[in-house]
Amino acid sequence: MTKLWGGRFEDATHALMEQLGESISFDARLAPWDIRASIAHARMLGASGIIPREESDAIIAALEEIGREIDDGKTTWDMGLEDVHGNIESMLVKKIGEAGKKLHTARSRNDQIATDMRLYTRDQTDTLIRLLHGLQRAILSCAEKHVDFIMPGYTHLQPAQPVLLAHHLLAYFEMFDRDRERLAQIRRRINVLPLGSAALAGTPHPINREQVARELGFESLSRNSMDAVSDRDYLIEFCAEAALLMMHLSRWSEELVLWSSPAFGFIEIGDAFTTGSSIMPQKKNPDAAELTRGKTSRVYGDLLALLTLMKGLPLTYNRDLQEDKEPVFHASDTTQLCLAVFAEMLPTITFKRETLRKAVGQGFMNATDLADYLAGKGVPFRKAHQIVGEIVRYCIQKDKTLDDLGLEELHRFCEVFSKDVFNALNITTVLTRRNQPGATAPEQVREALREAREKLATHQ
Ligand code: ARG
């Protein structure tokens, strides 16, 4: 097998070296981006008079043909040719002969792979933004559909205060909205053209980098060729965002696992996103949520792999950088799959209105409001807190809820209670009174839903 770099070598490459050095088994998927970048490069070489126009035209036509053949699955990849670049160049030379050998003028695989990876990650970023949008739409529809469902809100996983289910769901809408914003910011830093940096120091050929940038949709040119061929910050940022996004999905997964357990009984996830047990016939397991939670760990691993890969690398390109591909591909694939699963799974979830409502009645979730009631009547809050604490202890002993207590009973703890206390304890009042922007009062949640709708419409 003739190597791209065979000239100065006498002996053949050891089979183990080939096995260690090949990346075609995982970078073949970069072919569409590699071809796009090569076409732009070839067009520029022709337009700048670096190679004859007929030859650049022939290269472009052949590359387009190779692209179609790859799409049709007609290609066999050769490990001896190392990577996607070596394989495509060899196909090109096979098709058009000597002219094909001119494509690599004024270019190195170092700026070539940097360009491919930027094009690839830019597309993956756009896909993630689109998938996040889809998930946010699903969350919003679900929140709107259950707009009057009341449920327990937790801290420490202990019953805390009642909230609207829609409010809980919109918390995830916010998380994914920040993810979307971050991706849009990362995209700007991805969208810089490294091509033209050549191996590390630039090229003596009169290239036109602006033309290539324009054709490939890059917003700017890299300003330092040494940085350009060895920078992988954008991949780290991409994986960091994937890890963060997965963390959000994983927290949600944890809740879905808990909520679908009969111990909570808040939801039932549709058959399409649950599985059974091979031994226990009664089981319906929330595997989609569990697997998402599990896969999150591996996406964290992708981020850590990249950070560790980079930490000891001197400028500029080092072959270690070939190892950046698999973590990025894995992080990207996993995050996309999990986002798609959640968007499809959410509409299959049945929320158990009565169970949720009943759960609100347990755990003294209106205790804060009882203390606030006393505070409103002039009792210092710290004292009110103490009094209500004693009332709760009394209720636990008597197996009662706060709503079961009559005025005489309440008076044993504090004289200040009067008839209006029953209204203060009422769950509807408890919710409605939390009427500040960002809080759970139905009026605020309706406003939040409206704003979320509007936001999605503008970010279409
Ligand atoms: N397959 C290589 C990579 O992924 C392409 C760049 C090779 N450059 C080199 N100087 N050997 O990084």
Side-chain angles (χ1 to χ4, degrees), residues 1-9 12-14 16-38 40-41 63 66 70 75 77-93 101 103-124 190 192-203 216 222 225-236 238-239 302 305-333:
M1 181 57 53
T2 359
K3 305 284 184 204
L4 291 173
W5 36 260
R8 66 108 58 220
F9 290 79
T13 312
H14 197 289
L16 287 172
M17 179 59 226
E18 289 205 333
Q19 198 185 332
L20 180 68
E22 71 85 22
S23 56
I24 190 62
S25 57
F26 51 86
D27 71 11
R29 67 147 79 183
L30 288 176
W33 294 277
D34 192 69
I35 289 173
R36 257 184 81 193
S38 286
H41 181 67
L63 284 171
I66 293 168
I70 294 171
T75 319
W77 302 103
D78 190 332
M79 204 175 93
L81 292 164
E82 275 186 34
D83 51 23
V84 65
H85 321 304
N87 273 271
I88 289 175
E89 191 173 313
S90 140
M91 292 173 208
L92 179 67
V93 173
K101 297 184 183 171
L103 170 62
H104 213 53
T105 317
R107 184 176 80 167
S108 154
R109 277 187 296 164
N110 299 350
D111 58 346
Q112 188 179 355
I113 189 62
T115 306
D116 291 5
M117 282 304 273
R118 281 180 186 270
L119 286 173
Y120 169 82
T121 0
R122 190 178 71 188
D123 279 355
Q124 304 316 302
I190 292 175
V192 177
L193 175 78
L195 206 65
S197 304
L200 76 160
T203 169
L216 296 176
S222 58
S225 60
M226 296 179 76
D227 179 44
V229 293
S230 65
D231 168 32
R232 296 294 183 272
D233 290 5
Y234 64 102
L235 297 181
I236 293 176
F238 179 82
C239 283
D302 296 327
L306 285 188
L307 284 167
T308 315
L309 177 69
M310 296 306 293
K311 73 180 276 291
L313 295 188
L315 289 176
T316 56
Y317 180 85
N318 299 272
R319 191 61 184 279
D320 316 42
L321 290 175
Q322 182 161 293
E323 297 297 312
D324 64 0
K325 317 269 164 331
E326 286 164 295
V328 173
F329 295 159
H330 178 261
S332 177
D333 293 346

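Read the numbers this way: they start at 1 and go in the same order the structure lists the ligands and their atoms. Source: prediction; values computed, not measured.
- Of all the atoms in ligand 1, the ones that sit under 4.0 Å from a non-hydrogen atom of K325 are 3 (C), 4 (O), 12 (O).
- Between the side chain of N87 and the backbone N or O of W77 there is no donor-acceptor pair closer than 3.5 Å.
- For atom 2 (C) of ligand 1, the nearest protein heavy atom (residue, atom name, distance) is Q322 OE1, 3.3 Å.
- Using modelled atom types and a 3.5 Å distance limit, the side chains of R109 and Y317 yield no donor-acceptor pair.
- With salt bridges taken as basic N to acidic carboxylate O contacts below 4.0 Å, one links R29 and D333.
- At least one donor-acceptor pair under 3.5 Å links the side chain of S222 to the backbone N or O of L193.
- Atoms of ligand 1 lying under 4.0 Å from at least one heavy atom of S23, given by number and element, are 1 (N).
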What do the steps show when you test E82 against W5 for side-chain hydrogen bond (donor to acceptor under 3.5 Å, both in side chains), and what is the final call? CA-CA 11 Å; E82 275 186 34; W5 36 260; 2.9 Å; yes
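- Given atom 11 (N) of ligand 1, the protein heavy atom at minimum distance is R109 NH2, 3.5 Å.
- Using a cutoff of 4.0 Å between basic side-chain nitrogens and carboxylate oxygens, D231 and R118 are scored as salt-bridged.
- At the top of the distance list for atom 3 (C) of ligand 1, counting protein heavy atoms only, stands Y317 OH, 3.3 Å.
- Interface atoms of ligand 1 facing D83, defined by a heavy-atom separation under 4.0 Å, are 1 (N), 2 (C), 5 (C).
- Using a 4.0 Å heavy-atom cutoff, H85 is listed among the residues neighbouring ligand 1.
- Of the protein's non-hydrogen atoms, N110 OD1, 3.1 Å is the one closest to atom 10 (N) of ligand 1.
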